[in-house]
Number of protein chains: 2
Amino acid sequence: MARTAGSHSDITGPKVREAALKLFARGGFAAVSMRAIAAEVGVQAGALYNYTPDKQSLLFDLMKSHMTELLAAAVDNAGQSAGARLDAFVGFHISFHHARPDAVFIAYMELRNLTPENFARVEALRRQYEDGLESILRDGVAAGAFRVEDTKIATLAIIAMLTGVNTWFREGGRLSLEEVTAQYRGMVRRAVT
Amino acid sequence: MARTAGSHSDITGPKVREAALKLFARGGFAAVSMRAIAAEVGVQAGALYNYTPDKQSLLFDLMKSHMTELLAAAVDNAGQSAGARLDAFVGFHISFHHARPDAVFIAYMELRNLTPENFARVEALRRQYEDGLESILRDGVAAGAFRVEDTKIATLAIIAMLTGVNTWFREGGRLSLEEVTAQYRGMVRRAVT
DNA sequence: TATATATCTGAACGTGCGTTCAAAAAGTAA
DNA sequence: TTACTTTTTGAACGCACGTTCAGATATATA
């Protein structure tokens, strides 16, 4: 009974989300029609409404899933030194974001298309993620390992800097992602030391 | 004869650009209709076509103007020390961007709505701006004042970090823009030293 | 096999889009 | 005041939008 009669919603459902993710990232939420998403899935537009109540919710689901996965994947070992934790954060952030450019793009660009309520929910998740980095910085300051005037500002500065990698880094370019990550680790470490 | 007969296009023209700037920033290019822009100006939609050949060109003009103003305003005194030039760059970037949040927002968010040709033109201007910072970094490295592994990466990292201020800074908050700028100057300096 | 449920189609709904253009209005020059 | 130019209106164009839904189709259970 794990699967009800006549169902292949467990096939089409994910396809709808994948298609929406890809097309929203490429063209922007407002510029992508439900018909375009349906065509990408291989279905008529009406069928999409078996999987989302409306276009808005589709966007919100994508953003919420992205933030939830981000939070679930971000592990922080408070037992280690603040320096090691910061290095780990830099590596994690760059590689996690590099692996899902479409979701990252949408999460940053389509915030204004959320209802105020949904916007607040996504923002709360984002703040939670930022808090993870900030507590590393605070612990480092408390332990005398870091010198940071304002940990909140440093947090935002570091995250902006790291997320920026997604806008220009391309596989097969002059440097590998590992080399790029190493350089960012160096800059971040020095910035807070 | 500085003004041709019957003209008040020198009043309406700027109003069209201002309205488009405001509404594009608020709602996104695709979501803002020509009728909405016209309403903001106080005119019928058809009248807009005295001031732009089409909606696309309106967007491109806004972005090109923004980048042109940015380049014109960014002065770099090569006579000073690299450290002083870098400090000046940080202050300039933050204050210039703070003063025109709508234009900055559009310049970053609506790139994908440009035709390939117009995109290339805007990108060229952006690269020119980045080159300004990179030459400061290179000079600093050559003079032994900075230690940077890859000046291109450092350039992109610094710009991403500074531009990020626009996403969260609000007048009247915990810190003044001057205080924020001072902290960014510190982080940037340390990151490259 | 027959029955029941889940899924999808295809057409339709009202609405708003970017753009065009003839005619009207507003302004300037003589 | 008259002649002329610039600017704006207001209606119209064909098209695409998000969403709904009755009916058709596919799948699973018994």
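So you know, we letter chains A, B, ... as the sequences are listed, proteins then strands, and number each from 1. All of these numbers come straight from a predicted model, not from anything done at the bench.
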>> From C-beta outward on B/Met34, which listed nucleotide comes closest to its side chain: C/dT19, C/dC8, D/dT19?
In response: C/dT19
> Can you tell which of D/dT19, C/dC17, C/dT19 lies closest to the side chain of A/Arg35?
Replying inline: D/dT19
> Roughly, in whole Å, what's the span from CG in A/Asn113 to P in D/dG18?
Replying inline: 12 Å
>> I need the CG-P distance between B/Leu48 and D/dT9, as an integer number of Å.
In response: 10 Å
>> Using modelled atom types and a 3.5 Å cut-off, is there a donor and acceptor pairing between side-chain atoms of B/Arg112 and backbone atoms of A/Ala25?
In response: yes
>> Of the listed nucleotides (C/dT19, D/dT9, D/dG18), which one gets closest to any side-chain atom of B/Ala47?
In response: D/dT9
>> Counting only side-chain nitrogens and oxygens, does B/Tyr49 get under 4.0 Å of the OP1 or OP2 atom of D/dG10?
In response: no
>> Using ring centroids (six-membered ring only for Trp), state whether A/Tyr129 and A/His93 fall under 6.0 Å.
In response: yes
> Tell me: CD of A/Gln44 to P of D/dC21, nearest whole Å?
Replying inline: 18 Å
> In whole angstrom, what separates A/Asn50's CG from C/dA6's P?
Replying inline: 11 Å
>> In this structure, how many angstroms lie between the C1' atom of D/dC17 and the CG atom of A/Asp54, rounded?
In response: 14 Å
> What's the NZ-C1' distance between B/Lys55 and C/dC17, to the nearest Å?
Replying inline: 8 Å
>> Within a 6.0 Å radius of atom NZ on A/Lys15, are there more than 12 heavy atoms belonging to other residues, nucleotides or ligands?
In response: no
>> Between A/Ala31 and A/Pro53, which residue's closest nucleotide on DNA chain D lies nearer the 5′ terminus?
In response: A/Ala31
> Tell me, do A/Glu18 and A/Glu40 make a side-chain contact under 4.5 Å, heavy atoms counted?
Replying inline: no
> Can you find a side chain N or O atom of A/Tyr51 that sits less than 4.0 Å from OP1 or OP2 on C/dC8?
Replying inline: yes
